Engineer: 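The structure's right below; bear with me while I get my questions together.
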Protein chains: 2
Amino acid sequence: MRDRSSKSASYSVDLVLMTAMGDKLAILLARNSSERERWSVPWRIPQSGEALDAAANRAAHDALGESPAWTEQIGAFGDGKRHPSEIDVSVAYLALVPHETATLRAGYTWFQVADLPALSPRQRAMVEGATQTIQSRLDQAPIAFRLLPATFTLSELQQMYELLLGKRLHKASFRRALQAAWLVEPTDEWRSEGRGRPAQLFRYLPKKRRRAHRGVRFDFLYP
Amino acid sequence: MRDRSSKSASYSVDLVLMTAMGDKLAILLARNSSERERWSVPWRIPQSGEALDAAANRAAHDALGESPAWTEQIGAFGDGKRHPSEIDVSVAYLALVPHETATLRAGYTWFQVADLPALSPRQRAMVEGATQTIQSRLDQAPIAFRLLPATFTLSELQQMYELLLGKRLHKASFRRALQAAWLVEPTDEWRSEGRGRPAQLFRYLPKKRRRAHRGVRFDFLYP
DNA sequence: GCGAATTAGTCACTTTCTGTGACTAAAGTC
DNA sequence: GACTTTAGTCACAGAAAGTGACTAATTCGC
């Protein structure tokens, strides 16, 4: 990548930037000229005094020309897995953009996560971690909304959840849950998508949520 | 701390080691001789080639003489907040031990998380992150069991959940959910705790879980 | 010894939530 | 105008959660 000024720096910031392309998740990769793998996740070495998320944001700006709709740290990766550079530890960030409005700079390409080229072991672990983070935080953070444009139909939102969860959802149940959670509000616009009845457009409704006052749910997955 | 060999190292591993003392959460702090704050979370600079979790485990061993019952990375902290040393970035680990069996080496003390002494800003952020991680992963990882001895009564388990969740639970609901999740198995031991009927002892039952096959739950908390 | 107090463990009832199929509505296609 | 397609809603059955009351086994006070 760029800023390889200090070859001895011991940590990097790596960016797993994801989007939804059609019905597949995709990840942004940068073409490498000098490293062993032909492609890699964008990464930067923080400049002196630069915060970690600032470095992640810089990597995103270099690729997109704008800030992602969502950015969140995944964790620090090291522990023996090889990185594109000789860096000991890499702090990975997950970032999301809606595919509709994203335009890529030269040297960057979207790859479907199901069909990635060879990546360094450490970066492959980061991609793995990023997809797990998405699934696990889907019900705590507005992940799905950050992958959609500002307004969307409820069918589009449902399809996004189906993509992220990897399973079909029942329309009536989905909408009932959505209503109960006060997550969206209708706009006065409608969209006619070729055939079929036009759909109303909605927008995400960030709001002070009253904490769910449920008891324990042992929906555990762990061994 | 110790191993201050390379003052120029740019990242550390910091350990937020927690336990349940009575009905309060407590955290392990190490007394400082030279740093600005009198107390700090134990931290280490990874030795060359040492993995991040190995460094966290080393910090735990130095304090306890044994490995924690649970260890998990929380994330990397930097972003301007001051650390005990001049280190740029610190990778924080959450670790758990049952209070009953933990014995501390000299220079280490438990503090209730509600009543901590002055800590460096970065370490305070880590403690904050650790408590959030505990709450958010309580239903995905055996957090409560790692804070209890190998065998325990169901009342003790319920009290642990009440402590971690910060709210009372109904006994019948708690046990019903526990049964449905196949999380514990009875031993043939009973414990008489002074007055009242003796309680059967249970142990944690790690097991291949069948994935919860539920739909979406918009139990969101986010703004 | 015996009743009160205390803690464990279970049951049964009510309320709430979820899964699901069927229904109506509004557009385009032929 | 009949048929197809997508949006949006309803209503019912079944499952799950909230809750109070009940039985069980022990210690304490007298």
Side-chain angles (χ1 to χ4, degrees), chain A residues 22-23 138-139 148 151-163 165-203 209-221, chain B residues 22-23 138-139 148-149 151-163 165-203 209-220:
Chain A
D23 63 343
L138 192 53
D139 60 347
L148 286 170
T151 64
F152 45 81
T153 70
L154 295 188
S155 295
E156 289 170 341
L157 181 61
Q158 181 176 342
Q159 284 162 25
M160 186 62 72
Y161 271 96
E162 290 176 342
L163 166 59
L165 291 168
K167 66 179 175 192
R168 302 292 321 272
L169 301 173
H170 189 93
K171 182 169 54 164
S173 296
F174 180 79
R175 293 177 183 217
R176 182 175 40 204
L178 207 49
Q179 280 225 306
W182 290 91
L183 276 177
V184 297
E185 66 180 359
T187 69
D188 49 3
E189 290 178 283
W190 296 72
R191 176 190 299 163
S192 193
E193 196 73 82
R195 49 190 148 276
R197 171 176 169 177
Q200 191 166 15
L201 292 178
F202 289 75
R203 72 167 62 89
R209 322 294 332 305
R210 55 282 168 281
R211 178 73 174 90
H213 44 308
R214 297 304 229 5
V216 211
R217 277 282 291 278
F218 294 102
D219 275 357
F220 296 8
L221 329 172
Chain B
D23 62 343
L138 192 53
D139 59 346
L148 286 171
T151 63
F152 44 82
T153 70
L154 295 188
S155 294
E156 288 170 342
L157 182 60
Q158 180 175 344
Q159 283 163 23
M160 185 63 70
Y161 271 95
E162 290 176 341
L163 166 59
L165 291 168
K167 66 178 175 192
R168 302 291 322 270
L169 301 173
H170 189 95
K171 183 169 53 165
S173 296
F174 181 79
R175 292 176 183 219
R176 183 175 38 204
L178 207 49
Q179 279 225 307
W182 289 90
L183 275 177
V184 296
E185 65 180 359
T187 69
D188 50 3
E189 289 178 283
W190 297 73
R191 176 191 299 161
S192 194
E193 197 72 84
R195 51 188 144 275
R197 171 176 169 176
Q200 191 168 14
L201 292 179
F202 289 76
R203 72 166 62 89
R209 320 297 333 303
R210 58 284 169 276
R211 177 74 175 88
H213 44 307
R214 297 306 227 3
V216 211
R217 275 281 292 277
F218 294 103
D219 272 357
F220 295 8

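Note that the coordinates shown come from a computational prediction; the quantities given were computed from them, not determined experimentally. Labels below follow one simple rule: chain letters A, B, ... track the order of the sequence lines, proteins then strands, and each chain is numbered from 1.
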Engineer: Return the value, rounded to whole Å, for the distance between atom CG of Leu178(A) and atom P of dG8(D).
Structural biologist: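 For the pair Leu178(A) CG and dG8(D) P, the rounded distance is 12 Å.
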Engineer: Using a 6.0 Å cut-off, check whether atom CZ of Arg195(A) has over 12 heavy atoms from anything other than its own residue.
Structural biologist: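 Open.
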Engineer: Using the side-chain contact (heavy atoms from CB on, under 4.5 Å) rule, take Leu183(A) and Leu157(A) through it: C-alpha gap first, then chi angles, then the decisive distance, then the call.
Structural biologist: CA-CA 11 Å; Leu183(A) 276 177; Leu157(A) 181 61; over 6 Å; no
Engineer: Could you state the CD-C1' distance from Gln158(A) to dT20(C), rounded to the nearest angstrom?
Structural biologist: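 Nearest whole value for this atom pair: 13 Å.
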Engineer: Can you establish whether the number of heavy atoms outside Arg168(B) located under 6.0 Å from its atom CZ is more than 12?
Structural biologist: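 Open.
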Engineer: Using whole Å, what does the distance between atom P of nucleotide dA8(C) and atom CZ of Phe202(B) come to?
Structural biologist: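 Going from CZ in Phe202(B) over to P in dA8(C) covers 12 Å.
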Engineer: Toward the 5' end of DNA chain D, which comes first, Ala172(B) or Leu154(A), by nearest nucleotide?
Structural biologist: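 Checking each residue's closest nucleotide, the 5'-ward one belongs to Leu154(A).
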Engineer: Of all heavy-atom pairs between Asp23(B) and Leu163(B), which one has the smallest distance, and what is that distance?
Structural biologist: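 Heavy atoms only, the tightest pair is O-CD1, 3.2 Å.
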Engineer: How does protein contact run along nucleotides 2-7 of chain D, one letter per nucleotide 5' to 3', with B for base contact, S for sugar-phosphate only, - for none, heavy atoms under 4.0 Å?
Structural biologist: ---BBB
Engineer: Hey, which sits more toward the 5' end of DNA chain C by its nearest nucleotide, Arg176(A) or Arg176(B)?
Structural biologist: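 It is Arg176(B), whose closest nucleotide lies nearer the 5' terminus.
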Engineer: Rounded to the nearest 0.5 Å, what separation is found between the CG atom of Leu165(A) and the CD atom of Gln158(A)?
Structural biologist: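 Result: 10.5 Å between the selected atoms.
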Engineer: Without decimals, in angstroms, what is the distance between Leu169(A) CG and dT20(C) C1'?
Structural biologist: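 Checked: the CG to C1' distance equals 13 Å.
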Engineer: So how far is it from Gln200(A) CD to Ser155(A) OG, rounded to the nearest 0.5 Å?
Structural biologist: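 Going from the CD atom of Gln200(A) to the OG atom of Ser155(A) covers 12.0 Å.
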Engineer: Could you give the NE2-to-C1' distance, from His170(B) to dG9(C), as a whole number of Å?
Structural biologist: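 Roughly 12 Å, once rounded to whole Å.
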